[in-house]
Each structure stands twice: as C-alpha cells, then as structure tokens.
Amino acid sequence: MTHARGERTALCDLLDRLGPEAPTLCTGWTTYDMAAHLALRERRPDAMGGIALKPLAGYTASVQRRLKDRHPYPELVGLVRKPGGVYGLLPALDEAVNTLEMFVHHEDVRRAQPGWEPRELPEDLERLIWKRVSTGARLMLRKSPVGVVLHRLGGGVVLGGPKGHARVEVTGRAAELLMFCFGRQEHARVELTGDPAAVAALREATLGV
C-alpha cells in the first residue's frame with residue numbers, strides 16, 4: 001500500500017469512528033465538512049479553484065455545502081475512502097499529489113481531539129515528508145513576516161521566508177515541520193528560537209500553500 005492510500009484509509013477510519021460532528025483544526029469545519037472537502041477535491045474539479053483562489057471561494061463553498069446536503073456522512077466518507085477521478089486511475093499520481101494532503105488532514109482531525117500525541121511514522125514516510133518540506137518551504141513560508149530556518153531532527157536544514165529580516169529557528173521532526181509550515185503552528189510539536197517578537201509574529205502568521 002502506498003503512503004497516500006495508507007493515510008487515506010487511516011483518515012477515513014478515524015472519520016467513521018468520530019462521526020460527523022467532531023472538531024477539526026480547520027476553522028469552522030467539523031468532520032462532516034472535512035469529508036465534503038476531500039470528496040470535492042477529487043470528484044468536483046469544477047469547484048477546486050476556490051480552494052486556492054479567493055475570488056472562486058464562494059462557489060467552492062456552495063458546492064461543498066451541497067455535497068453535505070445530498071450525501072449522508074457515511075456515504076461521503078465512503079467516497080473519500082476510494083481515490084476518485086484521475087487519482088483512482090493513476091496510483092503514482094495519487095501518491096505524488098495526495099500523500100501530504102491526506103497526511104495533513106488526517107492530523108487535522110487527530111490533533112483536534114483531546115489527548116492527541118504525535119505518531120511514530122515509518123522512516124521512509126518521514127524522509128518523503130522532509131523531501132517535500134525541503135522543496136516546498138519557500139512556497140509555504142512565502143507569507144512569513146520573518147526569515148525562517150527549519151531544522152529537522154535527525155539532519156537537514158532549509159531556509160524560508162523573506163531575506164534580510166530577523167530569523168526564527170524552527171526545530172522538530174519532519175512531520176511536525178510540515179504541520180507548522182502548513183499553518184498549524186499551534187498544533188505542531190516544534191521548538192522556536194529567536195527574537196521573541198519575531199517568534200510571536202511567526203506563530204501568528206498565515207502559512208501554507
């Protein structure tokens with residue numbers, strides 16, 4: 001099983017266990033909303049633009065609401081469980097595009113529940129996550145108000161954020177750095193060092209793709 005399929009299955013199992021009204025780290029979203037979002041990504045390509053582009057966000061939100069209206073929660077989770085569209089036809093594309101998507105949203109659900117702890121991940125998944133963080137850091141940290149130095153526990157350093165500004169050192173495992181760079185700063189188990197004002201600004205910044 002690929003990592004994308006493994007994270008997808010684990011996420012759907014968790015969604016089934018928690019039911020439709022559990023919280024997530026995505027502001028205002030319950031697990032029902034999360035299931036609708038993931039179904040939309042793969043089965044409503046016409047509505048995907050609003051995920052990244054604010055002018056299209058209203059249409060995307062309306063399609064997501066209609067998915068909830070038309071599909072009971074277990075049915076939506078069932079749609080998410082099986083890769084849709086081109087991802088169902090091309091497992092390699094599913095792995096390339098959806099590994100981080102499924103991982104981050106799996107953690108969005110896990111970390112919104114009481115008593116969560118970081119998972120022990122397979123070493124090859126940690127390496128894959130670090131590779132994606134390394135190549136995507138400048139994009140994910142483009143809105144940072146300060147320079148950022150990412151230090152992976154176990155080895156690896158990546159720079160991000162604007163040059164010529166105060167720098168904040170962010171240290172943690174690859175998966176925790178990913179969550180931090182995806183805008184989940186409050187729920188990432190990392191250590192931040194630097195000027196206190198710069199650290200505070202980075203904690204409050206809008207990060208991610």
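Bear in mind that the values here come from a model prediction, so they are computed numbers and not experimental data.
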Worksheet item: More than 12 heavy atoms of other residues, nucleotides or ligands under 6.0 Å from CZ of Arg167: is that the case?
Response: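 Not buried by this count: 12 neighbours or fewer within 6.0 Å.
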Discussion item. Taking atom CD as the centre, does Gln113 end up with more than 12 heavy-atom neighbours from other residues, nucleotides or ligands that are less than 6.0 angstrom away?
Written reply: yes
Report the residues that fulfil side-chain hydrogen bond (donor to acceptor under 3.5 Å, both in side chains) with [X], sequence neighbours left out, ordered by chain and then residue number.
| X | result |
| --- | --- |
| Thr9 | none |
| Glu191 | none |
| Arg132 | none |
| Ser144 | none |

Are [X] and [Y] in one and the same hydrophobic cluster, where Ile, Leu, Val, Met, Phe, Trp and Tyr link if side-chain heavy atoms are under 4.5 Å apart?
| X | Y | value |
| --- | --- | --- |
| Met34 | Met179 | no |
| Met140 | Val168 | yes |
| Leu159 | Leu177 | no |
| Leu18 | Met102 | yes |

Could you note down all residue pairs passing salt bridge (charged side-chain N to carboxylate O under 4.0 Å, His left out) where [range] supplies at least one of them, sequence neighbours left out?
| range | answer |
| --- | --- |
| residues 74-85 | Asp13-Arg81, Asp16-Arg81 |
| residues 28-55 | Arg8-Glu42, Asp33-Lys68, Arg41-Glu101, Arg44-Asp46 |
| residues 143-163 | Glu123-Arg152 |

Can you tell me how far apart [atom1] ([X]) and [atom2] ([Y]) are? Round to the nearest 0.5 Å.
| X | Y | atom1 | atom2 | value |
| --- | --- | --- | --- | --- |
| Asn98 | Tyr87 | CG | OH | 5.0 Å |
| Phe180 | Thr171 | CZ | OG1 | 10.5 Å |
| Arg70 | Arg66 | CZ | CZ | 5.5 Å |
| Leu125 | Arg119 | CG | CZ | 7.5 Å |
| Leu128 | Leu100 | CG | CG | 6.5 Å |
| Glu117 | Arg111 | CD | CZ | 9.5 Å |

Discussion item. Other members of the hydrophobic cluster containing Leu153, with the 4.5 Å side-chain heavy-atom rule, please.
Written reply: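 Members besides Leu153: none; it forms no cluster.
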Worksheet item: Can you list the other members of the hydrophobic cluster that holds Trp116, where links are side-chain heavy atoms under 4.5 angstrom apart?
Response: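 For Trp116, no cluster forms, as it stays isolated from other hydrophobic side chains.
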Worksheet entry | Candidate pair Val133 and Val158, rule side-chain contact (heavy atoms from CB on, under 4.5 Å), full reasoning | CA-CA 8 Å; Val133 170; Val158 173; 5.6 Å; no
Practice prompt. Sequence neighbours left out, what passes salt bridge (Lys or Arg N to Asp or Glu O under 4.0 Å) with Arg5? Give chain and number order.
Written response: none
Look only at the side chain of [X] and the backbone of [Y], and say whether a donor-acceptor pair between them is shorter than 3.5 Å.
| X | Y | answer |
| --- | --- | --- |
| Thr31 | Leu15 | no |
| Tyr59 | Ala47 | no |
| Tyr73 | Tyr32 | no |
| Glu176 | Val190 | no |
| Glu169 | Thr193 | no |

Review item, side-chain donor-acceptor pairs of residues 195-209, under 3.5 Å, at least two apart:
residue: Asp195; atom: OD2; partner: Ala197; partner atom: N; Å: 3.0
residue: Asp195; atom: OD2; partner: Ala198; partner atom: N; Å: 3.2

Distance-only donor-acceptor pairs under 3.5 Å for side chains of residues 21-28, two or more places apart:
residue: Thr24; atom: OG1; partner: Cys26; partner atom: N; Å: 3.1
residue: Thr24; atom: OG1; partner: Cys26; partner atom: O; Å: 3.4
residue: Thr24; atom: OG1; partner: Trp29; partner atom: O; Å: 3.0

Worksheet item: What's the verdict on side-chain contact (heavy atoms from CB on, under 4.5 Å) for Arg173 and Glu120, showing C-alpha distance, side-chain angles and the deciding distance?
Response: CA-CA 10 Å; Arg173 294 174 61 181; Glu120 288 293 329; 3.6 Å; yes
Worksheet item: What are the two closest non-hydrogen atoms of Gln64 and Ala36, and how far apart are they?
Response: CG-CB, 3.6 Å
